[in-house]
Every structure is written in structure tokens, then in C-alpha cells.
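Heads up, the thing below is written out as C-alpha cells.
In what follows, chains are A, B, ... by sequence order, proteins preceding strands, each numbered from 1. Atoms considered below: every heavy atom in the structure, side chains included; atoms not considered: hydrogens, waters and symmetry mates.
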Amino acid sequence: MTVMTLIQAVNDALKHEMRRDDRVVVFGEDVGVKGGVFLATEGLQAEFGKDRCFDTPLSECGIIGTAVGMALYGLRPIPEIQFLDFIYPAFDQIVSEAAKMRYRSGGEYTCPMVIRSPYGGGIKGGHYHSQSAEAYFCHTPGLKVVIPSTPADAKGLLIASIRDEDPVMFLEPKRIYRTLKQEVPEGEHVVPIGKGRIVREGKDATVIAYGAMVGICEQAAELAAKEGRSVEIVDPRTLVPLDEPLILDSVRKTGRCVVVYEAPRTCGYGAELAAIVAEKAIEYLEGPIVRVAGFDTPFPYTLDNLYMPDARRVLRGIQKTFQW
Amino acid sequence: MTVMTLIQAVNDALKHEMRRDDRVVVFGEDVGVKGGVFLATEGLQAEFGKDRCFDTPLSECGIIGTAVGMALYGLRPIPEIQFLDFIYPAFDQIVSEAAKMRYRSGGEYTCPMVIRSPYGGGIKGGHYHSQSAEAYFCHTPGLKVVIPSTPADAKGLLIASIRDEDPVMFLEPKRIYRTLKQEVPEGEHVVPIGKGRIVREGKDATVIAYGAMVGICEQAAELAAKEGRSVEIVDPRTLVPLDEPLILDSVRKTGRCVVVYEAPRTCGYGAELAAIVAEKAIEYLEGPIVRVAGFDTPFPYTLDNLYMPDARRVLRGIQKTFQW
Amino acid sequence: MTATKYLSVIDKDGKVAKGKDPNLDAEELRRLYRVMVTTRVMDERALVLQRQGRIGFYVPATGQEASHIGSAYALRDSDWIFPSYRQPGIPLLRGAKIDHLIAEWYGYEGDICKGRQMPVHYSLRSIHFVSVSSPIGTQISHAAGCAMAMRMRKHDGVAMTYFGDGATSSNDFHSGLNFAAVYRAPVVFVCENNHWAISVPVSAQSGTEEMAVKAEAYGMPGVRVDGNDVLAVYRVCKEAVERARRGEGPTLVETVTFRMGPHSSSDDPSKYRDAATVEQWKRRDPIQRFQRYLQQRRLWNEAFEKECQESARATINEAIKRVEATNKPAPRTMFEDVYMTMPPHLQEQMQDLLSLEGPAAADEGAFPL
Amino acid sequence: MTATKYLSVIDKDGKVAKGKDPNLDAEELRRLYRVMVTTRVMDERALVLQRQGRIGFYVPATGQEASHIGSAYALRDSDWIFPSYRQPGIPLLRGAKIDHLIAEWYGYEGDICKGRQMPVHYSLRSIHFVSVSSPIGTQISHAAGCAMAMRMRKHDGVAMTYFGDGATSSNDFHSGLNFAAVYRAPVVFVCENNHWAISVPVSAQSGTEEMAVKAEAYGMPGVRVDGNDVLAVYRVCKEAVERARRGEGPTLVETVTFRMGPHSSSDDPSKYRDAATVEQWKRRDPIQRFQRYLQQRRLWNEAFEKECQESARATINEAIKRVEATNKPAPRTMFEDVYMTMPPHLQEQMQDLLSLEGPAAADEGAFPL
Ligand SMILES: Cc1ncc(C[n+]2csc(CCOP(=O)(O)OP(=O)(O)O)c2C)c(N)n1
Ligand SMILES: Cc1ncc(C[n+]2csc(CCOP(=O)(O)OP(=O)(O)O)c2C)c(N)n1
Ligand SMILES: [Mg+2]
Ligand SMILES: [Mg+2]
């Protein structure tokens with residue numbers, strides 16, 4: 001075990017897999033000499049050479065388009081999109097090509113690749129360095145969507161994603177890149193895709209959260225505990241495919257459900273979570289399913305701390321599920 | 001009143017607004033001499049000349065990018081995207097630029113434009129001529145999303161969209177372009193954005209549907225009526241902004257809710273509808289909120305009739321809300 | 001027809017100027033001819049099937065046989081092809097099973113793609129013919145990426161990708177050519193300039209009359225060639241392929257040709273282009289042109305022609321019969337291949353569908369494009 | 001430094017060869033100089049504020065003053081600018097209120113953008129300076145569209161758009177130039193080739209050494225000019241602007257310059273480029289170069305310099321003081337301007353936030369780029 005930040009865990013996972021499998025290649029804007037703007041790819045070019053870790057022209061469209069070609073040929077590309085806000089020029093390649101290749105070719109051609117990208121608010125990045133776009137990808141059949149909330153999960157899930165045979169969107173909550181330090185297993189460490197985790201056990205209400213929101217919910221759970229309410233926190237870890245049983249079991253146990261996400265509220269991934277619970281566990285509910293989310297506005301710069309759900313807002317969400 | 005198909009109503013609305021306001025320009029692939037692959041723009045170039053209705057190069061990115069520039073300058077562009085499946089190369093321009101321009105410029109620069117595009121299944125178009133991508137746009141603050149389900153609404157909503165000061169995604173259910181004929185008011189006819197309609201009154205269950213699914217739900221409601229169940233159908237008409245009161249009133253009245261959409265189930269717009277009801281009207285519910293949707297697969301060609309929700313599936317969804 | 005010069009090899013009488021003939025051997029030349037004829041016959045049969053309502057849609061390549069068959073012929077069988085929907089002759093050239101192609105039109109059980117795509121969106125891994133996409137241009141950057149991978153792995157393969165004049169406006173044209181140039185990837189970009197993108201002429205597509213000149217923007221060579229002259233196309237592409245294989249980087253080849261038929265079975269070109277131009281191009285038919293060359297070299301006669309035509313027709317008709325005797329894919333297949341293994345939510349959705357009672361909705365709708 | 005030739009006007013001694021001088025009048029020359037100096041001073045002050053934690057982020061344009069100020073000077077005030085984040089001198093040239101610029105850095109009340117964007121993402125409608133976006137390249141097709149609109153409406157305006165060498169790889173570069181060429185739109189594309197896209201050098205950005213040559217792909221003229229020579233930039237752009245205004249279509253201008261500082265306040269360029277090259281470019285400083293020219297023409301002396309510097313510093317410092325005395329925008333403003341009128345769901349979300357009790361979470365995080 002070594003104590004690592006989340007970004008160090010990402011770097012560790014990349015190195016581990018590049019050593020293990022020479023088909024793994026990493027590329028993107030500034031990932032070479034600079035090692036990425038967050039240093040996720042630091043040291044990779046030095047260790048693995050320019051054929052396996054290289055800078056690209058400023059074209060997300062080309063980054064993903066060529067990644068698809070490499071994957072078809074048999075490589076395991078790990079393209080980095082510098083900020084998730086800049087993934088849209090590549091949207092067509094992701095949605096129309098990577099996601100649909102296996103299906104449309106009857107299973108003959110596949111696109112195993114991991115698209116890594118930092119996402120979410122919390123670094124004073126304003127309008128275009130803060131967005132949470134996970135719902136777009138969750139709504140796209142053929143993609144898997146993975147979001148770690150701890151350094152150990154970041155390493156284990158990234159390794160699992162790299163070994164996965166399908167295209168994976170690996171979204172890294174940049175807000176907690178360095179704020180969280182944790183023991184992370186050295187060497188081999190795999191956290192399977194499709195399995196969530198109980199972050200904190202509780203019996204009165206279930207809060208579902210992922211990424212940087214998990215920590216916020218832990219703060220809120222502490223506040224709720226002071227009010228005498230025992231809150232269970234569930235982190236799905238992979239949004240697609242989802243560990244439905246874990247979530248439904250928790251909600252059936254507690255009878256209350258709060259869904260927390262920082263993306264704009266309307267049609268965010270939390271809407272999906274709410275809809276699943278409302279279809280499959282409504283008879284256990286003793287209160288409304290409450291969503292605490294980002295607002296339906298673009299991401300602001302100065303007021304970003306008000307935009308992102310904080311412990312106050314989550315606490316109030318928890319309280320609401322009791323006011324029936 | 002004239003009897004028109006939905007596509008004729010679209011054409012009529014375009015002509016009406018182009019006559020009324022010389023800032024309105026229409027462009028896209030094949031919209032000129034050919035009049036569009038569905039003939040939505042037939043006759044426009046002949047009547048208004050090549051400056052106001054013209055063909056573009058094969059670049060959705062350029063179509064929307066230049067539309068943004070025209071809108072900034074003061075025109076009222078109505079770009080056509082030939083099929084909604086082909087909008088993704090323009091996704092960045094829509095999501096990062098058109099949607100955010102007013103906000104990020106503090107309200108000084110605006111992008112009034114209507115992006116028209118046929119969407120949905122039902123013409124044997126397979127993988128890439130059938131998709132329902134409305135949820136992506138509903139999740140994007142700054143955009144309005146409008147979907148008509150009748151010829152009269154198509155005309156009235158399109159005119160309202162063209163006069164709107166914000167960018168509007170006007171998605172046309174191509175499956176019913178010509179299958180539905182209806183009396184449509186001649187000349188001026190505005191259906192306001194943000195107001196839904198009760199398609200059919202009922203008291204036992206509410207079915208929410210839009211676009212081509214409205215007709216399918218009407219069939220299902222007939223079948224349910226034979227089983228002694230009175231079904232109310234609500235068509236929101238505009239997904240963003242949503243006529244929440246209309247929906248919540250109906251659900252509160254009937255106590256049951258089924259949401260129908262043809263897009264992939266996970267994170268579709270129906271998840272949002274379910275989540276709203278689960279947060280705001282759960283105490284009125286006597287059954288689970290049931291979603292009847294497209295499957296979480298890409299759109300198939302041969303089996304497309306099985307992919308799209310049909311009356312059987314909607315009926316079963318209605319039945320499920322009674323099995324509690 | 002454009003005024004700009006480009007390489008032709010076969011003149012109108014079927015003669016080839018000295019030093020220009022690639023000197024293919026007799027067997028090869030006849031094979032090329034046979035593939036071109038079979039491609040043409042396949043187009044004709046398919047359009048009839050479409051009009052009879054037996055298949056839903058078709059995209060003819062009539063007039064463009066020399067362009068795609070001559071270029072693909074410059075490759076090794078192990079080289080990769082990233083096609084658009086308008087190179088049906090390449091599977092024939094590479095020996096694909098005709099049943100696979102025709103089953104794809106029908107979307108029936110025997111279709112490798114399991115009925116998931118519209119007709120002519122073939123995917124044939126066994127011959128390195130990568131799944132055709134509808135979105136225009138996306139294959140261009142795939143070819144660049146594949147070639148980058150070949151180079152990284154120090155393999156000596158080449159990728160060749162096909163696209164139309166319209167596709168030069170796409171995002172992927174720009175990024176594909178740019179990436180290929182920066183990494184000196186072994187790829188040949190074949191732009192089949194057939195003068196139309198559905199109803200949009202080249203003059204409304206680009207500020208340039210030529211497409212080859214666009215190579216300048218990427219610092220790679222661009223070559224323009226008579227796309228109705230199979231030997232000229234072959235020669236130019238052969239050079240580009242060898243250049244790529246030598247590690248000297250990508251080339252953009254523009255084959256100047258003409259879409260003789262409608263854009264697809266749903267299109268009526270008389271609405272937007274005049275018959276005279278079409279007539280002019282008819283006189284430059286690539287099959288007749290090649291036939292005259294073979295005749296000159298005494299490799300063609302009426303008997304050979306008859307045999308070519310008849311065997312093509314017979315092969316296709318028999319395959320149609322076999323395919324029509326099969327069924328649609330089972331409903332279960334709709335849920336397969338979304339991921340390598342079917343996740344729980346798809347299993348649930350599948351069970352949901354399979355447990356349904358009552359007749360499914362009938363097919364409806366007709367494709368407009 | 002690249003070997004390719006491009007137009008320079010001012011030589012190293014500040015002299016201009018006969019016939020090359022655009023012969024601007026004395027007042028104008030001094031105004032240009034003053035704007036360049038103020039731009040430089042603003043950069044220096046902003047970087048200090050950033051290091052002091054008074055503003056969160058900054059993007060310097062040091063070394064590129066001639067490139068963007070000289071080009072914009074070729075326009076009429078009514079012409080439209082579609083900038084990137086690296087043309088801070090243009091608002092100064094066009095007489096924007098300095099308080100508006102500085103309030104934008106702070107994202108305070110007085111910011112026209114209401115604190116919604118990071119520093120230097122100005123939007124100044126009153127001077128036709130269109131809202132700066134972070135996504136690279138998107139403004140390029142806006143400029144094309146705006147120019148298309150000008151042409152359709154038969155107005156005699158011109159649009160000028162700015163972007164870097166990195167942006168030439170973007171989707172919008174390709175579509176913007178293509179559309180502009182097809183419709184002969186009155187637009188001038190100014191590519192400021194400062195040799196770097198963050199840590200990526202031009203050699204890893206494009207297969208070409210020059211950017212101007214990319215114009216060939218679109219059938220428009222491409223011109224390369226010394227971007228550190230304000231008169232050369234002005235001359236070349238003036239021609240391009242006049243050409244556009246005459247209805248002869250777009251031009252791509254490449255200004256060859258150098259990013260002297262870091263990409264932004266978060267970047268450390270010593271990690272990826274050597275000091276020697278930077279030193280070399282220091283000797284080509286655009287302000288010193290212009291100063292020597294003015295000196296030659298007896299329009300510059302120490303007193304003028306001092307006055308320029310001091311008044312720039314004073315103007316900026318006073319504005320900083322005024323801005324720092326103001327507040328953050330009210331929470332309510334976060335919900336405004338999403339749409340023209342606030343729809344019910346946003347009203348509800350706003351009420352929800354405003355009704356909250358307890359202290360909000362503090363600001364956190366530091367921007368890495
Ligand atoms: C991204 C995208 N936009 C629009 C279409 C609709 N469409 C299908 S084919 C076509 C024209 C293609 O022209 P070209 O690239 O010249 O190829 P050709 O059909 O002539 O072979 C268009 C616009 C599409 N398939 N994909
Ligand atoms: C679409 C997109 N991708 C990535 C980024 C991150 N990024 C910001 S600036 C920059 C480099 C831009 O280089 P260039 O176009 O040469 O402009 P310069 O900064 O040199 O003026 C990058 C990659 C971005 N802003 N937008
Ligand atoms: Mg074409
Ligand atoms: Mg640069």
C-alpha cells in the first residue's frame with residue numbers, strides 16, 4: 001500500500017497497464033513532455049517512448065477518430081480529453097462510431113478504448129472547465145461510464161476499464177484529484193465494472209452519489225446524524241452498467257431516497273436513478289425521491305461554489321424526504 | 001383551414017415566416033433545388049431566392065457554426081439537419097456556443113435560431129436514420145426543445161419557435177410526416193412554447209408521450225378502455241421548458257403514471273418526467289411510475305418495429321401501474 | 001466536366017501510350033474486368049429488387065467501378081480498407097461471399113451485421129473491409145488511426161479509405177488528413193469525386209474545383225486521376241501505396257468520376273441535374289473503356305463478355321434465392337453485441353420484449369434518401 | 001524560427017524600405033504605439049494580481065501585440081471581431097472601458113459577463129467584440145456566418161477572426177474557411193502562429209510548417225506576414241479587408257509571432273521549450289521594433305515613452321481600485337440570461353437556492369492550465 005492522491009492513482013494505473021500490455025497507448029493534447037495539464041500522464045513518455053505516449057494536434061475529433069482506428073487494428077488506446085468540456089468536437093466519433101461499432105458490425109469489429117477526461121467543478125474553471133457531461137454518455141448505448149470517487153477506486157476501476165473489451169468513458173472528478181489521499185494497493189488492483197459500494201451504512205435514508213459528490217454527501221450525512229437521522233450513502237462507481245440491486249436494496253431498507261449530482265438537473269443521470277427507484281421500489285418509499293443537483297444554467301465562474309451542490313443543499317434534500 | 005400533413009404544415013410555417021420577416025433564412029444540405037429530402041423546404045428557393053434558402057457544404061459543424069454567426073449578426077437562421085442522427089458533428093457548436101452565448105455574454109449576444117431536424121424511427125432507416133436524441137438537448141441549459149405531434153401543432157409551434165429569442169431545437173417526428181392529415185389554420189397560427197395539451201381525457205392513469213408516440217399511446221388507450229381503464233394522455237409539446245403543472249395535475253388526478261418515449265431508456269427524457277413526478281406527486285401515486293421506451297441498444301434495421309414502443313408495450317405499461 | 005488536367009492512361013480507342021501501361025498480366029486484367037462487370041450487374045439486380053419491394057433501399061455505384069476497383073487493386077489483401085457505402089466492388093475483388101453481401105441487403109439471418117444496418121453498409125472482417133457507416137466521413141480518421149497503429153507496431157500494412165467529394169467538407173476529413181500527415185501514417189485517402197453530394201454540386205461544396213489540392217493544407221502529396229480509367233487509377237494508387245509502405249507518409253488521391261445513377265434508390269436526380277451532362281459521362285463509361293483496352297490486347301471477345309455477364313447474373317440470382325429462403329434475425333439478437341457480454345439491464349429489457357404477447361406492429365415507412 | 005519567407009516592413013534598425021510604408025499619420029502611429037504599450041502593461045499588472053491571488057487566472061499576450069493590434073487597425077470600427085482569448089489589445093484599440101475589462105478578470109458586478117467566464121473572456125457588444133469562448137476555434141465559423149449574413153443583407157461590413165496555430169486543427173477552422181470560400185464571404189481569418197499550443201509545437205500540430213498554405217485547400221489567398229511588425233501586419237490585413245469589402249471573398253492571414261510568456265498563469269513553459277529560442281524572439285520584440293520606427297520618424301522620445309507607461313499604469317491601477325471596491329454578482333444573477341425570460345423551472349431552482357440557510361461552501365481549487 002502507498003498513500004496516493006486520485007491523480008497519482010490514475011498515473012499509477014496507466015503505468016501498470018502500459019508495462020503489462022504493449023498494445024496500450026496514451027495520447028492527447030499536452031500529455032507528452034508536459035505530462036498532461038493535471039500531470040496524469042507524467043513520466044509516461046520518458047518510460048514508454050513517443051510511440052506509446054504522444055501529443056496530438058488540437059482536435060478532439062481526430063483524437064477519438066484515430067483512437068477508433070487504432071482500436072479496430074488491435075491496440076488499446078487511452079485518449080485523454082483535456083477537459084470534458086472539450087469533448088464535444090469528438091461527440092460524433094464517440095456516439096456514432098465507437099459506441100456502435102460492435103453492434104453494427106455484428107460483433108466482428110470492436111472498439112476497446114478508455115476515454116479519460118477530468119470533469120466537474122471545483123477548480124475555479126468557470127463556464128468551460130467545470131461541466132459534468134456524464135448523462136450524454138449514459139444515454140448512449142454501447143458505452144460504459146465509470147466514475148471513481150477515491151484514489152483506490154480510481155486505480156482499480158481504470159485498470160478494469162483498460163482491460164474491458166468495450167469503449168469506456170472514464171471520468172475523473174478533478175475537484176478531488178489532490179484533496180483526497182488514501183492507501184492504494186501497489187501493483188495489480190482491479191475493481192470490477194458494474195459493482196457499486198456502500199460508502200456509509202445507515203437506516204433512515206439512502207443518498208446516491210458519485211464522483212466529487214460522495215465527499216459532500218458524507219459531510220451532509222454527518223450533519224443529518226446530528227439531527228438524529230442515519231443516512232446510507234451508495235456510490236454506484238459505474239453509471240453504465242449500473243449496480244441496480246445495491247441501490248434498490250438500500251432504498252428498500254431505508255425507505256427514502258436522495259439523488260445527488262452536480263450536472264444540470266434536467267435529464268441528468270440522477271433523473272435515471274430516480275426513475276429506476278420510482279419504477280422498481282416505489283412501494284417501499286416513505287417520502288418523495290429528492291434530487292439535489294446542479295442548476296439548469298451553464299456553469300458560472302464567480303459563483304461556482306453556489307452552483308455545485310454542497311452539504312447544506314444535500315442536508316435539506318435529506319430533510320425533504322422526511323417531510324411527507 | 002386546410003387539410004395538411006405534418007410536413008406540409010412545416011413547409012407552410014416556413015413560408016409564412018419568411019414572408020413576414022426578411023431576416024429569416026433557411027439552409028442545409030439539399031434544401032435548395034431539391035427542397036430537402038423530405039420536401040420540408042420545397043418551393044422556398046424559388047420564392048425567396050438563393051440568399052434566403054440555400055444548399056450548404058456537407059458539414060453540420062459549419063451549418064450550425066455559421067448559423068450562430070448569422071444569429072449574432074441579427075438574422076433568424078433556420079438551419080436544417082438532414083437527419084437528427086447527423087447532428088453530432090455540430091454538437092460542440094450547439095452545446096458550447098448557441099446554448100451558452102446569451103449567458104456567457106451577460107445577455108448582450110444572443111442566438112435566436114431554430115434547428116430543424118427530422119428524428120425518430122418508423123421509415124426503415126435503421127441505425128443512422130432513426131435516432132431520438134432529444135435528451136441530449138434537454139440536458140443542455142440554454143436550449144429549448146420542441147416536438148410537435150400533429151400538423152396543426154407543427155405549424156403553430158414552428159412559428160412560435162422562429163419568433164423566439166432563444167435557440168430552439170425543433171424536432172420533427174418523421175414517422176408521422178405524412179401519415180397524419182389534419183385541418184391546419186391558414187396564415188397566422190401560433191402555439192405557445194411551454195404549454196402542453198391533453199390529448200385525451202381519462203381518470204385512471206396518465207400516459208405522457210410526445211412526437212410519434214402520441215398516436216401509439218392513443219391506440220393503447222383504446223385497448224385499455226376495452227379493459228375498463230380510462231387513460232388520460234398528456235403531450236407536453238415542448239420538453240424544455242416543460243408544462244409541469246399540466247402533467248402534475250393529471251397525475252394527481254389519476255394516481256398513475258406511464259411515460260412513453262422511443263429513445264433509449266437509460267437517461268432518456270422519460271427519466272426526467274418520471275423523476276419530476278416522483279419528487280412532486282409521489283404521494284398521489286397508486287402504482288409504480290412505468291417507463292415504456294426504446295431499448296438500450298443502437299437502432300436496428302430489420303427489427304425496428306420491435307425496437308419502437310408499440311401499443312402492446314404501452315398497454316402492458318399501463319397494466320403494470322395497476323399491479324401494485 | 002472540369003478543365004483541370006489529370007492522369008489518363010487508356011485513350012478513347014482503348015489504346016495506351018507507351019510507358020504508361022502498368023502491364024498487368026492477362027489473367028489479372030480479365031479478373032479485374034469480371035469484377036467490374038459483376039459490380040455493375042449487382043447494382044442493376046439490386047435496384048430491381050428495391051423497386052419490387054423485396055429490399056428496402058439501395059445505393060448504386062454505377063459509373064464508379066474503375067475508381068474503387070482500380071484503387072483497391074493496388075493493395076495487398078492484408079491491407080485494410082475503410083470504405084464508404086459506394087465501393088461494392090471491393091468485396092467482390094477480395095473474394096467476399098456473395099451471400100454475405102446479399103443477406104446484408106435483406107438484413108436476414110445470414111447477414112454478418114445481423115440486420116442492424118441499411119443495405120450496402122457491409123462489414124467484412126475476413127477481408128479487412130471495415131464496417132461502413134452512414135455518417136459521412138467518419139471512416140477517414142479511422143483509417144489514419146489504423147495506419148498510425150501499423151506504424152507504431154512496425155507492421156508493413158497500408159490503410160486505404162474511400163469517401164466522396166461531399167465528405168471533404170466533414171470534420172473527419174480535416175482531422176484524418178492532419179493526423180496522418182503529422183505522424184506520416186501509411187494511408188491512402190481516395191476521394192471519389194463523382195461531382196455530386198446528393199443534389200449539391202461540387203461548386204457548392206468547395207471553393208476549389210479540385211479536391212486533390214486540399215492535400216497542400218496538410219503537407220502531403222495530392223494527385224488527381226481519371227476515375228473512369230481503371231489502369232490510371234491503379235497506377236496512381238500503386239505509387240501512393242508503395243510510398244506509404246516505404247514509410248514516406250500519406251497521399252490524397254482524387255479520382256474524377258461521375259455518379260451515373262441516383263444518389264440512392266430514393267433519389268430522383270432529374271430534379272437537380274441536366275440530362276446532357278449525364279449523357280456526356282455515359283460516353284466515358286469505365287467498363288466500356290476497359291473493354292476497348294482488353295480488346296486491343298485481344299483479351300476480350302463477345303463470348304468472354306457473355307460468360308462474364310451470365311455468370312455474374314447466375315451467381316447473384318442464386319444467392320438471392322438462398323437468402324430469400326432465410327428469416328429475419330431472432331428478436332433476441334437485437335440485444336446482442338451492444339457490449340461483449342449482455343449487462344443485466346439489457347437482459348431485463350430483452351426478457352421484457354420476449355415475454356410480450358400479441359402481434360408486433362407491422363413494418364411501415366419508406367426511406368426518402 | 002522558420003526558414004520560409006514572409007513580409008516584413010520595419011527592419012531591425014526601425015527603417016522601412018521605400019514604397020513599403022503604409023504612411024499612417026503621426027497621431028495614428030502614436031495611438032497605435034500607446035495601445036501596444038498599454039496592452040503590455042495590462043499583462044504585467046494582471047500577472048501580478050494573479051500571483052497575489054487577487055484574480056484567479058490570466059492569459060498574457062506579451063509578444064503578440066503587433067499581430068492583433070496591427071490587424072484590427074485595418075478595420076473600420078463598425079466591422080466585427082471574433083476573437084480568441086489572446087487579443088486583449090483590441091478592446092483598448094477600440095476604446096472599450098478599462099473598468100469593463102478589469103471587472104471581467106474579477107468576475108465582479110461591473111463585469112458585462114456577470115462573472116460567468118474566466119478572466120480575459122471578454123464580451124463587448126458596444127465595440128463589436130464578440131464574446132470569447134474557451135473551446136478552441138469555434139469563433140472561426142461564427143465569423144464566416146456573420147460575414148455571410150453581411151453579404152446576404154448587402155451590408156459593407158467585414159468580419160475578422162483570430163485564432164492560434166493550434167486552432168488550425170479544429171473542426172471549425174475547416175468548416176469556417178470552407179463556408180467562407182464557397183459563399184465568398186467578407187471575412188479575414190487571422191491565424192496568430194505563436195509556435196505553440198500550450199506545450200505542443202507547430203511541428204506536432206501540422207504536416208506543414210506554414211499555416212497560410214492551408215488557404216489553398218479552400219481556394220482562397222493565404223498570406224504570411226511578420227507578426228512582430230505592426231506595419232507589415234497592418235498592410236497585409238488592410239489589403240485583405242479591402243478585398244473582402246469589395247466582395248472578392250475571404251483571406252487567410254498568418255502572422256508569424258511568438259508567445260513570449262507562459263500559455264497562461266498556470267503554465268510553466270520551461271518544462272517544454274528551451275530558453276535560447278525565447279531569447280532569440282526577445283530580440284524581435286514588436287514594441288521595441290515599432291519604437292525604433294517611431295524614433296526614426298521622430299515621433300518617439302523618452303518623455304513620450306514615460307508618459308505612455310505612466311498613464312497606462314495609472315489608468316489600470318485606478319480601475320483595479322474601483323473594481324476591487326465592488327462585489328460579486330448577486331446569487332440571483334446565476335439564473336438570469338439562460339433564456340430571455342426565466343422559465344418556471346429556473347425560477348423554482350433560484351427560489352430553492354435563495355431560501356437556503358447557513359454559510360455557502362467556500363471557494364476552492366486552483367486552475368491548472
Ligand atoms: C454527417 C452526415 N450528414 C448528412 C448525411 C446525409 N447524406 C448521405 S449521403 C450524402 C452525400 C454524400 O456525398 P459524397 O460525400 O460526395 O458521397 P457520394 O454519395 O457522392 O458518394 C449526404 C448529405 C450523412 N449521411 N451524414
Ligand atoms: C476544443 C478545445 N480543446 C482543448 C482546449 C485546451 N486548450 C486551451 S488553449 C490550448 C492551446 C491553443 O493553442 P493555439 O490555438 O495555438 O492558441 P494560443 O494559445 O497559442 O494563442 C488548448 C489545447 C480548449 N480550450 N478547447
Ligand atoms: Mg459525391
Ligand atoms: Mg499558438
Review point. Is chain A contacted by the side chain of C:Met334, its backbone, both, or neither, given a heavy-atom distance below 4.5 Å?
Key: both

Practice item. Can you tell which part of A:Lys144 gets under 4.5 Å to a heavy atom of chain C, answering side chain, backbone, both or neither? Key: both

**Study point:** Residue, of A:Glu165, A:Arg104, A:Met70, that accumulates the most heavy atom pairs under 4.5 Å with chain C
**Key:** A:Arg104

Review point. In terms of heavy-atom contacts, does NZ of A:Lys253 have more than 12 from other residues, nucleotides or ligands at under 6.0 Å?
Key: yes

Study note, to complete from the structure: Closest non-hydrogen atoms of C:Ala46 and C:Ile55, given as atom of the first, atom of the second and distance, are O-CD1, 3.7 Å

Review point. Are any side-chain N or O atoms of A:Tyr109 and backbone N or O atoms of C:Ser131, one a donor and one an acceptor, separated by less than 3.5 Å?
Key: no

Check your understanding: Is A:Glu108 reaching over with its side chain to a backbone N or O of C:Arg125, donor-acceptor style, under 3.5 angstrom?
Key -> yes

Check your understanding: Is it the side chain or the backbone of C:Asn178 that comes within 4.5 Å of chain A heavy atoms, both, or neither?
Key -> side chain

Revision key, fill the gap. With chain A, the option among C:Tyr339, C:Tyr183, C:Trp80 that has the most non-hydrogen atom pairs under 4.5 Å is C:Tyr339

Exercise for review: Using non-hydrogen atoms and a 4.5 Å limit, figure out which bit of A:Leu242 sits close to chain C: side chain, backbone, both or neither.
Suggested key: neither

**Study point:** Any side-chain heavy-atom pair of C:Met152 and A:Phe54 under 4.5 Å
**Key:** yes

Review point. Between C:Thr333, C:Ile112, C:Asp337, which residue shows the highest count of heavy-atom pairs closer than 4.5 Å to chain A?
Key: C:Asp337

Check your understanding: By a 4.5 Å heavy-atom criterion (distance strictly below it), what part of C:Tyr122 contacts chain A: side chain, backbone, both, or neither?
Key -> neither

Practice item. Counting only heavy atoms closer than 4.5 Å, note whether A:Asp51 contacts chain C via side chain, backbone, both or neither. Key: both

Check your understanding: Given that the side chain runs from C-beta out, which part of A:Asp22 has a heavy atom under 4.5 Å from chain C: side chain, backbone, both or neither?
Key -> both

Review point. Non-hydrogen atoms of chain A under 4.5 Å away: do they reach the side chain of C:Val130, the backbone, both or neither?
Key: both

Practice item. Give the intermediate values and the outcome of side-chain hydrogen bond (donor to acceptor under 3.5 Å, both in side chains) for residues C:Gln205 and C:Ser169. Key: CA-CA 7 Å; C:Gln205 192 67 247; C:Ser169 298; 2.7 Å; yes

Check your understanding: For the side chain of A:Gln45 and the backbone of A:Val31, is there at least one donor-acceptor N/O pair under 3.5 Å apart?
Key -> no

Point to revise | Among the listed options C:Arg153, C:His345, C:Glu336, the residue most often paired with chain A at heavy-atom distances under 4.5 Å | key: C:Arg153

Practice item. Could you look at A:Arg52 and say if it's the side chain, the backbone, both or neither that has a heavy atom under 4.5 Å from chain C? Key: neither

Practice item. Please examine the side chains of A:Phe137 and A:Phe91, heavy atoms only from C-beta on, and report whether any two atoms are closer than 4.5 Å. Key: yes

Check your understanding: Tell me, side chain or backbone of A:Leu75 under 4.5 Å from chain C's heavy atoms, or both, or neither?
Key -> side chain

Review point. Is there a side-chain contact between C:Arg86 and C:Tyr162, using heavy atoms and a 4.5 Å cut-off?
Key: no

Point to revise | Contacting moiety of A:Asp55, where chain C heavy atoms sit under 4.5 Å | key: backbone

Practice item. Answer with side chain, backbone, both or neither: which region of C:Met340 has an atom nearer than 4.5 Å to a non-hydrogen atom of chain A? Key: both

Point to revise | C:Glu109 and C:Thr326 side chains, donor-acceptor separation under 3.5 Å | key: no

Practice item. Give, as side chain, backbone, both or neither, the part of C:Glu348 having an atom under 4.5 angstrom from any heavy atom of chain A. Key: side chain

Exercise for review: Heavy atoms only, distances under 4.5 angstrom: which of A:Val25, A:Asp164, A:Val68 has the most pairs with chain C? Name it, please.
Suggested key: A:Val68

Check your understanding: Within the side chain of C:Asp79, is there an N or O that forms a donor-acceptor pair under 3.5 Å with the backbone of C:Ala159?
Key -> no

Point to revise | Contacting moiety of C:Phe173, where chain A heavy atoms sit under 4.5 Å | key: neither

Point to revise | Evaluation steps, ring-ring contact (aromatic ring centres under 6.0 Å, His included), between C:Tyr218 and C:His174 | key: CA-CA 9 Å; C:Tyr218 308 98; C:His174 187 52; 5.6 Å; yes

Review point. Relative to chain C, which of A:Gly107, A:Pro245, A:Pro241, A:Gly142 shows the most heavy atom pairs under 4.5 Å?
Key: A:Gly142

Practice item. Before giving the answer on side-chain hydrogen bond (donor to acceptor under 3.5 Å, both in side chains), spell out for A:Tyr88 and A:Gln131 the whole-Å C-alpha distance, their side-chain angles and the decisive distance to 0.1 Å. Key: CA-CA 12 Å; A:Tyr88 306 122; A:Gln131 293 168 50; 3.2 Å; yes

Study note, to complete from the structure: From the list C:Ile140, C:Thr341, C:Val182, C:Asp172, the residue making the most non-hydrogen contacts under 4.5 Å with chain A is C:Asp172

